[in-house]
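See structure below.
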Amino acid sequence: MVTRVVRTVLAFVMIMAGAAAGTLATAGTAHADGCYTWSRTLSQGASGADVTQLQIRLGGYPGYGSVLAVDGAFGPATTAAVKRFQAAYGLTADGIAGPATFSKLYALQDDDCTPVHFSYSELNDCHTTWSGGAVSAATAKANALRTMWKLEALRHALGDQPITVTSGFRSRACNDAVGGASDSRHLYGDAADLGAGPHSLCTLARQARNHGFNGILGPGYPGHDDHTHADHRGSRYWSAPTCGI
């Protein structure tokens, strides 16, 4: 009888231990993400593909008039961008990308790596395979992803109210059809035209200066009184005279 009781107790203990182990295993994988999962804490001096992935998502936090390089090297600019992102979401702003920072990024991205409030379809006027522009389809799509993360930062800074994208990537045929400039940044996939909504076009243009856009064109610039254009061209060109830019 005693032996039977002992066995019963031991069996119960083993079952509970197994259940606890399963709970721990689930907790341990809770931060795994369908798009990308970071496997180490990142701080200044780190380098690698995981830093590149971080920089893409922090492209909207470079500071006023700046652009964060996506080069896989975690330097002072990346540290500052991490701090701005952390502060924006109420995290400890220490410039170190660890579990709390990654968890917030996971919450902000869908399984295709786009930020939750934007999609590839929104950034593709042609609704094609991203071909036919000024760069390869892969480059155009990668540029659009960077644009979307900058727009996500812009959206959050403006109170998480919707931002409407009226134009994104264009093939040359699409660009010609809408009368776009022959060297339009839309051909590169790195541009987005934004329509008025909860925010005025001038509010969008002014705020975009903080989120990594080298190109900003808005009201007062020829052909831009009905939208604000933002892109990440190689050098800065801002012009929205009606908005004081």
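Predicted, not measured: the structure shown is a model, and the values here were computed from it. When reading the values below, keep in mind they use all heavy atoms of this one structure, side chains included, and skip hydrogens, waters and symmetry mates.
With respect to Asp190, the side-chain hydrogen bond (donor to acceptor under 3.5 Å, both in side chains) criterion is satisfied by exactly one of Arg185, Arg146, Lys150: Arg185.
Remark: aromatic rings of Trp238 and Tyr64 are close, center separation under 6.0 Å. Between His186 and His229, the ring centre distance stays below 6.0 Å.
Hydrophobic clustering, with ILVMFWY side chains joined whenever heavy atoms are under 4.5 angstrom apart, groups Tyr61 together with Phe102. Using a 4.5 Å cut-off between side-chain heavy atoms of Ile, Leu, Val, Met, Phe, Trp and Tyr, with links allowed through other members, Tyr89 and Leu58 fall into the same hydrophobic cluster. Using a 4.5 Å cut-off between side-chain heavy atoms of Ile, Leu, Val, Met, Phe, Trp and Tyr, with links allowed through other members, Ile216 and Tyr221 fall into different hydrophobic clusters. Clustering ILVMFWY residues whenever any of their side-chain heavy atoms sit less than 4.5 angstrom apart, transitively, puts Trp149 in the very cluster that holds Trp38. One hydrophobic cluster, built from ILVMFWY side chains closer than 4.5 Å, cannot hold both Tyr188 and Phe118; they sit in different ones.
Asn124 is listed as a side-chain neighbour of Trp130, based on a closest heavy-atom distance under 4.5 Å. Two residues are said to be in side-chain contact when any heavy atoms from C-beta on lie closer than 4.5 Å; Phe169 and Asn143 fail this criterion. Here the side chains of Glu152 and Thr114 are not in contact, with every heavy-atom distance at 4.5 Å or above. Side chains of Ser182 and Arg172 form no contact here, defined as non-hydrogen atoms less than 4.5 Å apart. Contact of the Ser167 side chain with the Asp125 side chain is registered, since non-hydrogen atoms from C-beta on lie closer than 4.5 Å. Residues Phe85 and Arg57 fail the side-chain proximity criterion, which asks for heavy atoms closer than 4.5 Å. No side-chain heavy atom of Leu194 sits under 4.5 Å from any side-chain heavy atom of His227. Using a 4.5 Å heavy-atom threshold, the side chains of Thr101 and Leu42 count as separate.
For the pair Asp110 (side chain) and Asp112 (backbone), a donor-acceptor distance under 3.5 Å is absent. Proximity of a side-chain donor or acceptor of Gln86 to a complementary backbone N or O of Ile96 within less than 3.5 Å is detected. No side-chain donor-acceptor contact under 3.5 Å links His156 to the backbone of Leu154. Not one N or O on the side chain of Arg170 forms a donor-acceptor pair closer than 3.5 Å with the backbone of Leu187. Formation of a donor-acceptor pair under 3.5 Å by the Asn175 side chain with backbone atoms of Ala181 is found in this model. Within the 3.5 Å criterion, the main-chain N or O of Ala137 finds no donor-acceptor partner in the side chain of Ser131.
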Evaluate the criterion side-chain contact (heavy atoms from CB on, under 4.5 Å) for residue pair Asp50 and Tyr36; output intermediate values, then yes/no. CA-CA 9 Å; Asp50 49 0; Tyr36 184 84; 3.2 Å; yes
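With respect to Arg233 and Asp183, no salt bridge is recorded, no charged nitrogen being found less than 4.0 Å from a carboxylate O. One finds no salt bridge joining Lys83 and Asp94 here, because no Lys/Arg side-chain nitrogen approaches an Asp/Glu carboxylate oxygen to under 4.0 Å.
Interatomic distance, CG of Asp193 versus OG1 of Thr164, reported as 12.0 Å (0.5 Å rounding).
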